[in-house]
Amino acid sequence: MRAVGLSTHIWANNTRSLLLLAGFPVLLVLLLYGAQLILMGFGLIQGTGRGLEDDLVLAGSMLGFTIPAALVIAAIWFVIAYLGNQVMIDVMTGARKVERREAPELYNMLENLCISRGMATPALRIIDSPTLNAFASGLHEGRYSVTVTRGLIDALDRDEMEAVLAHELTHVINKDVRTMVIASIFAGIISVIAELVFRGQFHVRGGGKGNKNAGPLILIGIAIAGVGAFLAVVIRLMLSRTREYVADAGSVELTKNPDAMIRALRKVSGRSKLAAPDEVQGMFLDNQPDAGGIDAIFATHPSIEDRIAALVKFAGGRDEPEYAAAGGAVTAVPQAGSTSVPVS
């Protein structure tokens with residue numbers, strides 16, 4: 001982890017963000033073209049009445065209208081997402097903003113970490129869920145937030161909670177958080193559009209004269225929608241797994257306590273499943289797919305075991321055998337001056 005250049009990592013995240021933004025209208029055009037073919041197949045858009053190639057060309061000629069429409073849709077969605085991305089995330093995860101008086105020790109812990117790096121303190125949010133997870137969100141200074149679950153607050157001692165907060169702050173410092181928000185909120189709508197195009201074929205009934213090329217047109221339209229859905233998955237995978245290793249390393253840099261990060265990961269392991277859309281789950285501290293499921297191929301996070309192994313190897317952390325054997329279910333004995341984090 002020490003070999004990773006943080007400046008290069010930040011540059012890469014900014015580049016990914018620009019690529020995601022640029023790719024949004026392109027995917028919209030692709031999906032709308034597929035939708036045109038499906039509608040033409042069902043007779044809702046008049047075809048040429050000739051061969052399949054002529055119908056494909058006709059649908060392509062409609063892009064003179066589709067492309068401007070896609071750009072307008074993209075612009076409108078960007079404005080909505082830019083202004084309301086945090087509200088969307090709060091609704092999808094059940095997070096709520098808390099002030100210092102509601103969680104003084106947790107808030108002070110976050111503030112002290114920010115002061116040590118000379119950065120503004122993000123807003124603090126809590127999800128009233130027994131699961132153990134956390135995430136950072138926001139697009140720029142003054143809009144960043146760090147969210148933790150009630151289960152995480154109850155399960156972690158002070159040092160472990162500080163390590164998790166430092167992990168999430170590292171996402172903010174490295175601009176990982178911006179890339180994750182863009183992928184989950186901005187580009188995530190692509191998955192919804194692709195699904196609507198795919199499912200719409202089962203509900204649409206021809207409202208006009210049928211097209212003799214209906215079957216091929218519908219199949220091609222579905223294929224194009226499938227490509228759009230696949231590219232949306234690729235966008236999720238552009239959130240490189242290395243960001244979690246780097247954030248773990250950043251936590252150690254801020255707290256000087258690799259053991260606390262290891263203990264926190266042990267406690268989180270197997271207890272992090274938080275109900276939220278797939279795109280948002282990529283933002284979480286931990287997001288492990290079901291064992292043996294196909295989702296494992298597209299996992300957005302490295303395994304807890306791999307992350308702990310990296311902390312042991314590169315940060316000099318200790319993974320205590322008896323704690324590891326308990327799967328993190330045993331509360332670690334607080335170090336000197338360490339207590340649980342009380343939140344009213």
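What you see is a predicted model, and the numbers here were worked out from it, not measured in a lab.
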### Message
For P277 versus M92, what's the shortest heavy-atom pair and its separation?
### Response
CG-SD, 3.4 Å

### Salt bridge present between R96 and D90 (N-O < 4.0 angstrom)
no

### Query
Does L217 reach the side chain of I38, with side-chain heavy atoms less than 4.5 Å apart?
no

### Query
Are any of the side-chain heavy atoms of Y144 and T121 separated by less than 4.5 Å?
no

### Task
Specify the closest pair of heavy atoms between F284 and A276, including all atoms of both residues, with the distance to one decimal.
CZ-CB, 3.8 Å

### Sub-4.5 Å side-chain heavy-atom contact between R266 and I308
yes

### Task
Find the distance between CG (L254) and CZ (R117) and round it off to the nearest 0.5 Å.
5.5 Å

### Task
Run the numbers on R243 and N174 for side chain to side chain contact (heavy atoms under 4.5 Å, CB included), then give the verdict.
CA-CA 9 Å; R243 75 188 189 281; N174 293 350; over 6 Å; no

### Message
Quick one, V148 with L165, criterion side chain to side chain contact (heavy atoms under 4.5 Å, CB included). Give me CA distance, side-chain angles, the key distance, then yes/no.
### Response
CA-CA 9 Å; V148 298; L165 293 177; 4.1 Å; yes

#### Entry: Side chain S272, main chain L132, donor-acceptor under 3.5 Å
no

### Message
Whether the side chain of Q36 engages the backbone of A59 through a donor-acceptor N/O pair (distance < 3.5 Å, no angle test) should be reported.
### Response
yes

### Task
Find out if a path of hydrophobic residues (ILVMFWY) with successive side-chain heavy-atom gaps under 4.5 Å connects I80 to L83.
yes

### L265 and L311, any side-chain heavy atoms less than 4.5 Å apart
yes

### Query
What are the two closest heavy atoms between S251 and T170, and how far apart are they?
N-OG1, 3.6 Å

### Query
Is there a donor-acceptor pair under 3.5 Å between the side chain of E162 and the backbone N or O of M109?
no

### Query
Do D248 and H167 meet the criterion of a side-chain donor-acceptor pair at a distance under 3.5 Å?
yes

### Query
Quick one: are H301 and R307 in side-chain contact, heavy atoms under 4.5 Å?
yes

### Task
Of all the heavy-atom pairs spanning A163 and T255, show the shortest one and how long it is.
CA-CG2, 4.2 Å

### Query
Out of curiosity, I182 CD1 to N85 CG, how far, rounded to the nearest 0.5 Å?
9.5 Å

### Message
Under a 3.5 Å distance rule, please check whether K256 uses its side chain to pair with a backbone N or O of E253 as donor and acceptor.
### Response
yes

### Message
Given 3.5 Å as the limit, does a donor-acceptor pair link the side chain of D306 with the main chain of P302, or not?
### Response
no

### Message
Tell me whether R143 forms a cation-pi arrangement with Y82, defined as NZ or CZ under 6.0 Å from the six-membered ring centre and within 45 degrees of its axis.
### Response
yes

### Query
Just checking, is any N or O donor in the side chain of Q86 or S137 under 3.5 Å from an acceptor N or O on the other one?
yes

#### Entry: Inter-residue atom distance M283.CE - L274.CG, 0.5 Å rounding
11.5 Å

### Task
Give the minimum heavy-atom separation between A136 and V172, together with the two atoms involved.
CB-CG2, 4.0 Å

### Query
What do the steps show when you test I127 against F135 for side chain to side chain contact (heavy atoms under 4.5 Å, CB included), and what is the final call?
CA-CA 11 Å; I127 301 174; F135 63 89; 3.8 Å; yes

### Query
Cut-off 3.5 Å, side chains only: do R271 and N133 have a donor facing an acceptor?
no

### Message
Quick one, R150 and I126 - any side-chain contact, counting heavy atoms below 4.5 Å?
### Response
yes

### Task
Would you check if there is a donor-acceptor pair between the side chains of D54 and T48 at a distance under 3.5 Å?
no

#### Entry: Donor-acceptor under 3.5 Å (E102 side chain, E99 main chain)
yes

### Query
Taking C-beta and beyond as the side chain, do L106 and M161 meet within less than 4.5 Å on heavy atoms?
yes

### Query
Closest heavy-atom contact between V164 and M261?
N-SD, 4.4 Å

### Message
Quick one, L156 and K267 - any side-chain contact, counting heavy atoms below 4.5 Å?
### Response
yes

### Query
What distance separates I304 CD1 from E244 CD, expressed to the nearest 0.5 Å?
9.0 Å

### Message
Please check this pair: side chain of S116 against backbone of L113, looking for a donor-acceptor N/O pair closer than 3.5 Å.
### Response
yes

#### Entry: Carboxylate-amine/guanidinium contact E105 R100, below 4.0 Å
no

### Query
Do NZ/NE/NH1/NH2 and the carboxylate oxygens of D157 and R263 come within less than 4.0 Å?
yes

### Task
Apply the test side chain to side chain contact (heavy atoms under 4.5 Å, CB included) to residues L32 and F65: give CA-CA distance (whole Å), side-chain angles for both, the deciding distance (0.1 Å), then the verdict.
CA-CA 11 Å; L32 291 175; F65 167 77; over 6 Å; no

